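Notes follow the structure.
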Amino acid sequence: MSLIQELMNQAATGSLLNPISFKRFTPTEIRESIQTLVATEQIDLANALGDAGLSLYPHSEDILAITGLLAIMKQDWSMGVELLTELKTLQGENTQPFTYVMLVRALRCNLDPAQAYSVVNEGLTFYPDHAELQAESLDLEGFSDAMMVSESAH
């Protein structure tokens, strides 16, 4: 039985998701199943599976990446920051540009522009030509300039 079939069976019976029943699936299989659920607009099931995946594999790059994106979709900025920061820590110098971009956006939405600026600059040290990181940096510089103008007006 596939992971999505098992998830649907548990949901159909009205039973709470039991993370242990998903233990036989790899983090990659869980991530792919979450992606399928999101693509088919079954967001509640995707979130439930993400929670189960996190409880089973709290240090999996696959699980941290997909649950970080789910948190951003829910506009749970602090959770998105937490998960994507953990992912960036695990990946170290191998952190992908997309991770930096999503973390910067989550930090901005979580009203932490100083940390967002720090993260975007870190990303630009590894990917100086990455267009989205450059755009985020410019946006943050514009935000910083606007804040300085606002503060000097008071």
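Everything numeric here is computed off the predicted structure, so don't read it as measured data.
- Here the side chain of E86 pairs no donor or acceptor atom with the backbone of L83 at under 3.5 angstrom.
- The distance from the CD1 atom of I30 to the CD1 atom of I4 is 11.5 Å, given to the nearest 0.5 Å.
- With rounding to the nearest 0.5 angstrom, the CG atom of L64 is 11.0 Å from the CG atom of L69.
- T89 places a side-chain N or O within donor-acceptor distance of the main-chain N or O of T85, the cut-off being under 3.5 Å.
- For the pair T36 (side chain) and E32 (backbone), a donor-acceptor distance under 3.5 Å is present.
- The minimum heavy-atom distance between K23 and L56, with the atom names listed, is CD-CD2, 3.7 Å.
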**Message:** Please evaluate residues K88 and E61 with respect to the criterion salt bridge (Lys or Arg N to Asp or Glu O under 4.0 Å), reporting the C-alpha separation (whole Å), side-chain torsions for both, the decisive distance (0.1 Å), and the verdict.
**Reply:** CA-CA 9 Å; K88 185 175 81 66; E61 291 180 22; over 6 Å; no
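- By the 4.5 Å heavy-atom criterion applied to side chains, L107 and P113 are not counted as neighbours.
- Every residue two or more places apart in sequence or in another chain was checked for a side-chain hydrogen bond (donor to acceptor under 3.5 Å, both in side chains) with N110, and none qualifies.
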**Request:** Determine, step by step, whether R105 and I72 satisfy the side chain to side chain contact (heavy atoms under 4.5 Å, CB included) criterion, reporting the C-alpha distance in whole Å, the side-chain angles of both residues, the deciding distance to 0.1 Å, and the verdict.
**Result:** CA-CA 9 Å; R105 290 177 182 170; I72 289 170; 6.0 Å; no
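- Test T95, V81, V104 against V119 for side chain to side chain contact (heavy atoms under 4.5 Å, CB included) and you get one pass: V104.
- In this structure, the separation between CG on D112 and OG on S118 is 9.5 Å, given to the nearest 0.5 Å.
- In this structure, CG on L87 lies 11.5 Å from CD1 on I63, to the nearest 0.5 angstrom.
- Counting non-hydrogen atoms of neighbouring residues, nucleotides and ligands closer than 6.0 angstrom, the CZ atom of F98 reaches no more than 12 such neighbours.
- Put simply, the side chain of T125 gets close to the backbone of E122: a donor and an acceptor are under 3.5 Å apart.
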**Prompt:** Given the rule in the side chain to side chain contact (heavy atoms under 4.5 Å, CB included) test, do Q35 and R31 qualify, once you have shown the distances and angles that lead to the verdict?
**Reply:** CA-CA 6 Å; Q35 289 171 307; R31 177 188 47 80; 2.9 Å; yes
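- Side chain of Q96 to main chain of N94: a donor-acceptor pair is present (N/O by atom type, distance under 3.5 Å, no hydrogens or angles).
- Between the CD atom in E141 and the CD atom in E136 there is a gap of 12.0 Å [rounded to 0.5 Å].
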**Asked** Hey, mind stepping through L133 and Y100 against side chain to side chain contact (heavy atoms under 4.5 Å, CB included) and telling me if it holds?
**Response** CA-CA 8 Å; L133 285 171; Y100 283 109; 3.7 Å; yes
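- Among residue pairs with one or both ends in residues 39-58, those qualifying as side-chain hydrogen bond (donor to acceptor under 3.5 Å, both in side chains) are T40-Q42; sequence neighbours excluded.
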**Request:** Apply the test side chain to side chain contact (heavy atoms under 4.5 Å, CB included) to residues L70 and V38: give CA-CA distance (whole Å), side-chain angles for both, the deciding distance (0.1 Å), then the verdict.
**Result:** CA-CA 9 Å; L70 286 171; V38 169; 3.8 Å; yes
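- Of the inter-residue distances, the one linking Y117 atom OH with S137 atom OG reads 5.0 Å to the nearest 0.5 angstrom.
- Salt bridge annotation for R24-E29: absent, with no cationic side-chain nitrogen under 4.0 angstrom from a carboxylate oxygen.
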